[in-house]
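Comments concern the structure below.
The figures here come from the full heavy-atom set of this structure, side chains too, leaving out hydrogens, waters and symmetry mates. Numbering starts at 1 and runs along the sequence shown.
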Amino acid sequence: MNEALLSVRNLRTYFDSEDGVVKAVDDVSFDLQRGETLGIVGESGSGKSVTNLSVMRLIPEPPGRIVSGEILFNGQDLLTLTADDMRRIRGKRIAMIFQDPMTSLNPFMRISRQLMEITELHLGYSRARARAHAIEMLQRVGIPDAAARVDSYPHEFSGGMRQRVMIAMALSCEPELLIADEPTTALDVTIQAQILELIKRLKEETGTSVILITHDLGVVAGLTDHIIVMYAGKVFERAPTRKLFTTPANPYTKGLLRSVPDPAHEHGRELYQIPGLPPDVARLPPGCPFAPRCARAEELCRREFPPLVQLAPDHYSLCHFAEAVYAESLRERDARNQSGIGPAVKQGAEMDLSNESR
């Protein structure tokens, strides 16, 4: 396999608080290959966003700090770069779309100025060329009458259009890596689907690698090549997307999958919820952090931290009973195949998982 575009190795990012040290990201490792899309999934507070803010070197210091690990981008450890070197990488080679565009767009600056700044700074464009490029990018992301709207202020755009502007800004320099942090959370379902389809199309056109962060497994179903599931700052499961949907090997992943609404099979049924709440990562219990919420938990889970178990090539699960959960998922998959029922997940994007033996 070729060298990964991004390799995160044993990353630990901690925050100091009045309650103690918050281990927001604790020994996280993953790879992203060139041209691929990686989904990072988990409930709020699982460490998804902090992981990627660490990649961007945007952790506020204090109270945060990257304690240890490596973030290899094209083989170069970003943690060894100076602040000036990182500024040259952000926006040009690695770009990020944030959850709420109004926190990223300057309300007092016209859209044209905010788009032009990026190419003037990173690509050395003249004002005229930068303006033409800004209009072209707005057209590319589907802003109607872009030549006239380019001089609008952010508040003159709808939420969906502001998110399209953020995507245009992120892709202005054709970065090698695009990080999308919950890019559709504040949008209604119809606009959500449009934004996800736009990211998918632009990725295919530019060849940009993508990290898509979300709390919703349904969102990443049709967009990603691999998924990592995070909980309490840890990677609980890592697998190719199809394998994770059809043969999950971690009780937490199975709970997340059960929580995804399926209109085809859930008529009149109450939506499943994982019992309890995520733990306070400043006061983690001994053993497995998911044990208090896990129906499968035994005394071993409450006493000892679980091992990372390999179930298949490129499929890992952090669980004392990973093999048993995986075997159970295989039996469930085979039963679905025999009955002709597939786990159709249709949230924003669609993925045909009916032929699960592929």
Side-chain angles (χ1 to χ4, degrees), residues 1-13 25 27-42 47-59 66 68-98 118-119 122-123 166-183 196 198-214 219-220 222-230 235 237-244 313-316 349:
M1 182 178 292
N2 295 332
E3 181 184 87
L5 174 67
L6 180 71
S7 291
V8 175
R9 292 285 175 267
N10 309 114
L11 178 65
R12 289 180 169 87
T13 302
V25 174
D27 198 23
V28 165
S29 297
F30 63 86
D31 290 328
L32 174 66
Q33 301 300 322
R34 299 175 190 279
E36 289 192 341
T37 299
L38 171 70
I40 301 183
V41 179
K48 311 182 300 297
S49 294
V50 175
T51 296
N52 288 281
L53 288 173
S54 299
V55 170
M56 295 287 286
R57 292 270 306 274
L58 290 175
I59 298 297
I66 298 175
S68 61
E70 292 181 322
I71 302 173
L72 302 175
F73 180 66
N74 276 320
Q76 183 178 37
D77 188 356
L78 299 183
L79 297 182
T80 66
L81 299 184
T82 66
D84 286 341
D85 287 337
M86 273 306 303
R87 277 191 286 270
R88 283 188 280 270
I89 288 176
R90 289 192 213 101
K92 182 177 183 180
R93 300 178 62 194
I94 305 176
M96 194 164 186
I97 304 169
F98 293 93
I118 299 168
T119 50
H122 289 296
L123 303 180
M166 283 298 302
I167 295 171
M169 291 176 66
L171 294 176
S172 286
C173 296
E174 297 193 0
E176 297 164 72
L177 172 60
L178 174 67
I179 300 173
D181 188 358
E182 301 270 14
L196 292 172
L198 174 62
I199 292 173
K200 181 180 179 180
R201 175 175 62 81
L202 293 174
K203 170 192 175 295
E204 292 170 350
E205 291 177 359
T206 63
T208 297
S209 301
V210 176
I211 295 177
L212 179 59
I213 305 167
T214 179
V219 166
V220 298
L223 295 174
T224 59
D225 300 289
H226 293 81
I227 295 174
I228 67 173
V229 178
M230 293 191 66
V235 174
E237 187 161 4
R238 183 172 79 238
T241 300
R242 180 173 296 279
K243 284 185 177 292
L244 188 122
D314 208 14
H315 192 171
Y316 298 84

Say whether Ser172 and Thr119, considering side chains only, have a donor N or O and an acceptor N or O under 3.5 Å apart. no
When rounded to the nearest 0.5 Å, the distance separating CZ of Phe30 from CD1 of Ile40 is 4.5 Å
Exercise. Heavy-atom distance under 4.5 Å between the side chains of Leu78 and Ile94, does that happen here?
Worked result: yes
Discussion item. Quick one, Thr241 and Val220 - any side-chain contact, counting heavy atoms below 4.5 Å?
Written reply: no
**Item:** Ile213 and Ile179, any side-chain heavy atoms less than 4.5 Å apart
**Value:** yes
Distance col, row Thr214:OG1 vs Ile227:CD1, nearest 0.5 angstrom, shows 10.0 Å
When every non-hydrogen atom of Ala170 is compared with those of Met96, the smallest separation belongs to CB-O, 4.4 Å
Scanning both residues in full, the closest heavy-atom pair of Val41 with Lys48 reads C-CD, 3.6 Å
Evaluate His226 against Leu244 for side chain to side chain contact (heavy atoms under 4.5 Å, CB included), listing each step before the verdict. CA-CA 8 Å; His226 293 81; Leu244 188 122; over 6 Å; no
Closest non-hydrogen atoms of Lys92 and Arg88, given as atom of the first, atom of the second and distance, are CB-O, 3.7 Å
Within a strict 4.5 Å, meaning less than it, do heavy atoms of the His315 and Glu237 side chains meet?
yes
Taking C-beta and beyond as the side chain, do Ser54 and Leu11 meet within less than 4.5 Å on heavy atoms? yes
CD1 (Ile71) and OG1 (Thr80) are apart, to the nearest 0.5 Å, by 10.5 Å
**OP:** Evaluate side chain to side chain contact (heavy atoms under 4.5 Å, CB included) for Thr208 paired with Glu174, printing each intermediate quantity in order.
**Re:** CA-CA 7 Å; Thr208 297; Glu174 297 193 0; 5.6 Å; no
One should read off an interatomic distance between Leu212 CG and Glu182 CD, to the nearest 0.5 angstrom, of 8.5 Å
_Does Asp181 form a side chain to side chain contact (heavy atoms under 4.5 Å, CB included) with Asn52? I'd like the steps, not just the answer._
CA-CA 8 Å; Asp181 188 358; Asn52 288 281; over 6 Å; no
Donor-acceptor under 3.5 Å (Arg57 side chain, Arg90 main chain): no
Closest heavy-atom pair, Pro183 versus Ile199, reported as atoms and distance to 0.1 Å, is CG-CD1, 4.2 Å
Contacts of Asn74 meeting side-chain contact (heavy atoms from CB on, under 4.5 Å) (sequence neighbours excluded), chain-then-number -> Leu5, Arg34, Arg93, Glu176
For Gly35 and Ser209, the nearest pair of non-hydrogen atoms, with its separation, is N-OG, 2.7 Å
Heavy atoms of Thr224 and Gly39 approach each other most closely as CG2-N, 3.6 Å
Interatomic distance, CZ@Phe73 vs CG@Leu79, rounded to 0.5 Å, equals 13.5 Å
Evaluate the criterion side chain to side chain contact (heavy atoms under 4.5 Å, CB included) for residue pair Asp31 and Arg9; output intermediate values, then yes/no. CA-CA 9 Å; Asp31 290 328; Arg9 292 285 175 267; 2.7 Å; yes
Around atom NZ of Lys243, are there more than 12 heavy atoms from other residues, nucleotides or ligands closer than 6.0 Å?
no
The reported gap from CD1 in Ile211 to CG in Leu177 (rounded to nearest 0.5 angstrom) is 5.0 Å
